[in-house]
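Nothing here was measured: the structure is a model prediction, and the numbers come from that model. Per chain, numbering begins at 1; letters A, B, ... match sequence-line order.
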Amino acid sequence: MASKFYIDNLAKHVGQTVTLQGWLYNLRSSGKIKFLLLRDGTGVCQGVMVKSVVGEEMFAKADQLTQESAFAMTGTVRAEQRAPGGFEMDVTNIEIISVAKEYPITPKEHGVEFLADRRHLWLRSSRQHAIMRVRHEIIRSIREFFAGRGFTLLDAPIFTPAACEGTSTLFETDYFDLGKAYLTQSGQLYGEAGAMALGKVYVFGPTFRAEKSKTRRHLTEFWMVEPEVAFNDLNDNMDLAEDFLEHIVSNVLKNRMPELKTLERNIQKLEAVKRPFPRITYDQAVEILQKNGVAFEWGNDLGATDETIISEQFDRPVFVHRYPSEVKAFYMKRDPQNPKVALAVDVLASEGYGEIIGGSQREDDYDVLLQRLKDHDLPQEAFDWYLDLRRFGSVPHSGFGLGIERTVSWICGLEHVRETIPFPRMIYRITP
RNA sequence: UCCGCGGUAGCUCAAUGGCAGAGCAUGCGGCUGUUAACCGCAGGGUUGUAGGUUCGAGCCCUACCCGCGGAGCCA
């Protein structure tokens, strides 16, 4: 098979005659010259077709091309200052592969609902390309980070017999003769089993929440990466999260600058994401809120507006640790110094993007954990295997979960997480 | 579930209670360097639904439907 040519590789083919295959992004024409913008997924290249060069027939052929028609364009590659990508093609021939019907997404503005209904087509636009590439870079960086530190990927099941945390509303389904099954809301408990087996593991997969949340930060189906490490305490956990976030952001800056430019992201704000990140206790967070005139009572969980106020005090992500144990999950270990607080930690992204990481040191004592299950009215049978992890060689261990879509949204500087995943699932949207 | 905002041409939007419009898209014509190209012409409407007030309703009133994003909950 003959080698293919792609737009992101044109620099190596200046002066050569090549053929590009793709779709018509836009067409501008005068009486004797046409500018054909071809996109091939790697970029957009402008082809210049001159009537006196290609002849009457070929020149007229280009008139059949509607927006998003598929075609092949052959010509000589030339460096061109005026072209956005730096290169142009002097077209000698085009082959029409398929003529597109009237394309609904025009180069002008559209509303989000209109675009969401056509998400399968919306993905062709340059802004969505940029977001998908940044998402790809983030996920690639995550795998690279853990692989480089000796972690093993541990895939957790999607079908689970009961709630992991006992708080969220879960999607329910029938599971043959075994009764109800639920779509996972977290792979963490399985990650803990993995950490006891392999030391350092990470779970990476989709998670599901049936809560009727209608905000720019919520999806019903989203991706989460959850490292879990044996013998790590809360401070080790924060060290890991700090290294992790810095690694991700620096990789995006290093490898996806053109995409960030397309998204008009403020680069300085991302460049500020360097270790060390500030670490404040919940108590200190409450002080910040009270200083800013919020009537906040100790013991409540931080709300979305509270998180925004706190994150605005810093130029980089901030750790908030040692929350009141009442508002946190059953498996989080209480602070031996102060049993009223849990060894929990959240990371609030800068610029008001909210909670991107939630984690904790886990309760490793069998009797305490059993009591916590009872306190939360959780079915003990379903957690019997989890209690085994405390029966057989229990050790201190910690982990956290990072929401991929919120991270993409923050790094790209987006208004809404719906653009961060190819096909978002929200309470009132399951298509396309 | 609660609070707020919205629904007018294919799309984005305008229209003191007084002839329903513009830009883009589409079609036709023009233009040899365009960058969301430009210029000219044309087609395109049950103003979310059902009632009500009024000489007259896109606009005011009532109910309903749909959507949006915020709260709660969370990543």
For the [atom1] atoms, the ones on [N] and on [M], what distance do you get once it is rounded to whole angstrom?
N: B:G4; M: B:G23; atom1: P; answer: 38 Å
N: B:A63; M: B:C2; atom1: P; answer: 15 Å
N: B:G45; M: B:A9; atom1: P; answer: 10 Å
N: B:A71; M: B:U12; atom1: C1'; answer: 30 Å
N: B:G58; M: B:G48; atom1: C1'; answer: 12 Å
N: B:U62; M: B:C3; atom1: P; answer: 16 Å
N: B:A25; M: B:C61; atom1: P; answer: 38 Å

Should the pair A:Asp346-A:Lys328 be classified as a salt bridge under the 4.0 Å nitrogen-to-oxygen rule? yes
Does this structure show an ion pair linking A:Arg406 with A:Glu355, if we count only N-O contacts that are shorter than 4.0 Å? no
When every nucleotide of nucleotides 37-45 of chain B is labelled 5' to 3' by its protein contacts under 4.0 Å (heavy atoms), B for base, S for sugar-phosphate only, - for none, what sequence of letters results? B--------
For RNA chain B, produce a single dot-bracket line, 5' to 3'. Pairs: Watson-Crick or G-U wobble, both distances under 3.5 Å. Symbols: ( ) within strand, [ ] crossing, | other strand, . unpaired. (((((((..((((....[..)))).(((((.......))))).....(((((..]....))))))))))))....
Assert yes or no for the condition that the ring centre distance of [X] to [Y] is strictly below 6.0 Å.
X: A:Phe383; Y: A:Tyr331; result: no
X: A:Phe244; Y: A:Phe400; result: yes
X: A:Trp385; Y: A:Tyr190; result: yes

Flag as yes if A:His218 stacks onto the base of B:C74 (centroids under 5.5 Å, planes under 30°), otherwise no. yes
Polar atom pairs between nucleotides 3-7 of chain B and protein, under 3.5 Å, N or O only, would you list them?
none

Throw together a table of side-chain donor-acceptor distances under 3.5 angstrom for residues 68-77 of chain A, partners on residues two or more places apart or in other chains.
from: A:Glu68; atom 1: OE1; to: A:Arg39; atom 2: NH2; distance (Å): 2.6
from: A:Glu68; atom 1: OE1; to: A:Arg124; atom 2: NH1; distance (Å): 2.9
from: A:Glu68; atom 1: OE2; to: A:Arg39; atom 2: NE; distance (Å): 3.2
from: A:Ser69; atom 1: OG; to: A:Thr66; atom 2: N; distance (Å): 3.1
from: A:Ser69; atom 1: OG; to: A:Thr66; atom 2: O; distance (Å): 3.1
from: A:Ser69; atom 1: OG; to: A:Thr66; atom 2: OG1; distance (Å): 2.8
from: A:Ser69; atom 1: OG; to: A:Ala100; atom 2: N; distance (Å): 2.8
from: A:Thr74; atom 1: OG1; to: A:Thr19; atom 2: OG1; distance (Å): 2.7

Do any N or O atoms of the protein come closer than 3.5 Å to N or O atoms of nucleotides 47-49 of chain B, and which pairs are they?
none

Applying a 4.0 Å non-hydrogen cut-off, can you work out what [X] is touching in the nucleic acid: base, sugar-phosphate, or nothing?
X: A:Phe222; answer: base
X: A:Gln46; answer: base
X: A:Thr207; answer: nothing

Taking the side chain as C-beta and beyond, is there a heavy-atom pair between A:Glu221 and A:Phe171 under 4.5 Å? no
Would you check if A:Phe145 and A:Asn251 make a side-chain contact, meaning some heavy-atom pair closer than 4.5 Å? no
Confirm from the modelled atom types if A:Arg118 and B:C11 form a donor-acceptor pair under 3.5 Å, side chain to base only. no
Check the interface with nucleotides 67-71 of chain B: list each N/O to N/O pair with the protein under 3.5 Å, or write none.
from: B:G67; atom 1: O2'; to: A:Glu113; atom 2: OE1; distance (Å): 3.0
from: B:G69; atom 1: OP1; to: A:His416; atom 2: NE2; distance (Å): 3.2
from: B:G69; atom 1: OP1; to: A:Arg418; atom 2: NH1; distance (Å): 2.9
from: B:G69; atom 1: OP1; to: A:Arg418; atom 2: NH2; distance (Å): 2.6
from: B:G69; atom 1: O2'; to: A:Lys214; atom 2: O; distance (Å): 3.3
from: B:G70; atom 1: OP1; to: A:Arg216; atom 2: NE; distance (Å): 2.2
from: B:G70; atom 1: OP1; to: A:Arg216; atom 2: NH2; distance (Å): 2.1
from: B:G70; atom 1: OP2; to: A:Arg216; atom 2: N; distance (Å): 2.7
from: B:G70; atom 1: OP2; to: A:Arg216; atom 2: NE; distance (Å): 3.2
from: B:G70; atom 1: N7; to: A:Lys214; atom 2: O; distance (Å): 3.4
from: B:A71; atom 1: OP2; to: A:Arg217; atom 2: NH2; distance (Å): 3.3

Any chance you could lay out the side-chain hydrogen bond (donor to acceptor under 3.5 Å, both in side chains) test for A:Glu419 and A:Gln128, step after step, and finish with the verdict? CA-CA 7 Å; A:Glu419 287 185 66; A:Gln128 299 306 313; 2.7 Å; yes
